[in-house]
Amino acid sequence: MPEIRTFTDDLTLARAAATDWLAVVRKNSGPHLTALSGGHIASTLFSEVADLARATGTFLGNIHFFWADERCVPPNDSESNFRLADENLFRPMGIAPERIHRLKGELPPETAVAQANGDIRRNAPQNAAGVPVLDVVFLGIGPDGHIASLMPNARPEVLQSREPFVHVDNSPKPPPNRISMTYPVLAAAREVWVLVTGEGKTEALRESLRPDGKTPLARVIQSRAETRIYSDVGAP
């Protein structure tokens with residue numbers, strides 16, 4: 001079973017996750033690699049990180065920021081996961097552009113994926129299987145149990161990909177075209193923290209925690225020795 005932390009509301013949850021992440025960052029004097037997600041809780045989480053980093057004097061200049069997924073839209077689009085982080089964390093904290101490894105959703109998907117795969121391999125250490133290893137990956141979860149843009153209807157080429165990132169062209173949640181981190185990278189990460197908040201997530205979380213669960217989140221949990229879940233949707 002993963003480690004499960006429960007909260008009464010999304011603000012308390014976001015503050016706890018931000019506090020925990022900054023504690024990890026402070027312990028690591030070298031480069032730190034984190035992947036961010038979008039979703040319901042993202043803007044609150046990023047704002048809490050910025051506020052707490054200022055309050056505690058936490059240095060963020062050694063962090064490389066990646067993304068668990070991105071919609072195939074320009075970076076200034078209201079649907080862009082990058083935009084959420086840029087408005088609520090990067091610009092307020094003055095994060096250097098060379099530390100921001102965004103997924104370029106405005107490019108043709110094949111080009112964006114190729115660039116993303118080259119970028120993460122240049123900046124992240126690799127395990128024995130040649131998979132990039134990140135320090136922390138933040139994930140959300142959809143009502144169908146999807147994480148990043150790994151959906152229950154994923155095509156075989158997405159499920160079986162050994163590349164760090166892959167193009168998803170059939171997302172049931174618009175927009176259909178997305179770029180997603182793959183299952184091997186999620187399995188290899190040192191920490192995966194799943195933020196479960198918002199309406200309609202309880203059953204997806206329960207199914208994901210079953211030993212024989214079939215959701216995308218269940219697959220991630222089953223591939224790892226440890227996964228941490230922050231939840232305000234009630235006890236599983």
On a heavy-atom basis, the closest approach of Leu33 and Val133 is CD2-O, 4.4 Å
Straight-line distance of Met93 CE to Phe59 CZ, nearest 0.5 Å: 10.0 Å
Just by modelled atom types, is the Ile141 backbone N or O under 3.5 Å from a matching donor or acceptor in the Lys201 side chain? yes
Walk me through it: do Phe66 and Leu36 pass the test side-chain contact (heavy atoms from CB on, under 4.5 Å)? CA-CA 6 Å; Phe66 295 87; Leu36 306 175; over 6 Å; no
Given 3.5 Å as the limit, does a donor-acceptor pair link the side chain of Arg224 with the main chain of Ala189, or not? yes
Does Arg219 use its side chain to pair, donor to acceptor, with the backbone of Leu159 at less than 3.5 Å? yes
Which atom pair, heavy atoms only, marks the closest approach of Ser231 to Leu205? OG-CD2, 3.8 Å
So does Val158 get a backbone contact from the side chain of Ser161, meaning a donor-acceptor N/O pair under 3.5 Å? no
Decide whether Leu11 and Ile229 are clustered together by the hydrophobic rule: side chain heavy atoms of Ile, Leu, Val, Met, Phe, Trp, Tyr closer than 4.5 Å, transitively. no
Asp10 side-chain N/O to Thr197 backbone N/O, donor-acceptor pair under 3.5 Å: no
Which heavy-atom pair separates Gly145 from Ala204 by the least distance, and what is that distance? N-CB, 3.8 Å
Examine distances only and state if a side-chain atom of Ser208 and a backbone atom of Thr215 form a donor-acceptor pair shorter than 3.5 Å. no
May I ask you to say whether Arg5 pairs ionically with Asp20, meaning some side-chain N is under 4.0 Å from a carboxylate O? yes
Which residues pass the salt bridge (Lys or Arg N to Asp or Glu O under 4.0 Å) test with Arg190, sequence neighbours left out? Asp135
May I ask you to decide if Pro109's main-chain N or O and Asn177's side chain share a donor-acceptor pair within less than 3.5 Å? no
Quick one: do Asp144 and Lys173 make a salt bridge, cutoff under 4.0 Å? no
On the six-membered ring of Phe65, is Arg99 placed so that its NZ or CZ lies under 6.0 angstrom from the centre and within 45° of the ring axis? no
Flag, side chain of Asn127 to backbone of Val131, donor-acceptor distance under 3.5 Å: yes
Ring centre gap for His64 and His32 strictly below 6.0 Å: no
Check against side-chain contact (heavy atoms from CB on, under 4.5 Å), Val136 and Trp193: CA-CA 7 Å; Val136 178; Trp193 296 357; 4.1 Å; yes
Taking atom CD as the centre, does Glu3 end up with more than 12 heavy-atom neighbours from other residues, nucleotides or ligands that are less than 6.0 angstrom away? yes
Let me see the working for Thr56 and Arg26 under side-chain contact (heavy atoms from CB on, under 4.5 Å), right down to the final yes or no. CA-CA 10 Å; Thr56 58; Arg26 285 193 293 271; 3.6 Å; yes
Run the side-chain hydrogen bond (donor to acceptor under 3.5 Å, both in side chains) test against Glu226 and tell me which residues pass, sequence neighbours left out. none
Looking at every non-hydrogen atom in both residues, tell me the closest pair between Pro216 and Pro152 and how far apart they are. CG-N, 3.8 Å
Distance-only donor-acceptor hits, side chain of residues 67-76, under 3.5 Å, sequence neighbours excluded:
| unit_1 | atom_1 | unit_2 | atom_2 | d |
| --- | --- | --- | --- | --- |
| Asp69 | OD1 | Asn81 | ND2 | 3.4 |
| Asp69 | OD2 | Ser149 | OG | 2.7 |
| Glu70 | OE1 | Asn81 | N | 2.9 |
| Glu70 | OE2 | Ser80 | OG | 3.4 |
| Glu70 | OE2 | Asn81 | N | 3.3 |
| Glu70 | OE2 | Phe82 | N | 2.9 |
| Arg71 | NE | Glu79 | OE1 | 3.3 |
| Arg71 | NH1 | Glu79 | O | 2.9 |
| Arg71 | NH1 | Asn81 | OD1 | 2.9 |

Worked check of side-chain contact (heavy atoms from CB on, under 4.5 Å) between Val168 and Ile179: CA-CA 6 Å; Val168 174; Ile179 302 165; over 6 Å; no
Taking all non-hydrogen atoms of both residues into account, name the closest pair between Leu13 and Val196 and its distance. CD1-O, 3.8 Å
Mind checking the CG-CG spacing from Leu186 to Leu150? Nearest 0.5 Å is all I need. 6.5 Å
Distance check, rounded to the nearest 0.5 Å: Gln222 atom CD versus Leu217 atom CG? 9.5 Å
Which atom names give the shortest non-hydrogen contact between Glu207 and Asp212, and what distance separates them? OE2-O, 4.5 Å
Quick one: does any side-chain atom of Arg91 pair with a main-chain N or O of Asn88 as donor and acceptor, under 3.5 Å? no
Quick check: does any side chain N or O of Ser180 sit under 3.5 Å from a backbone N or O of Thr182, one acting as donor and the other as acceptor? no
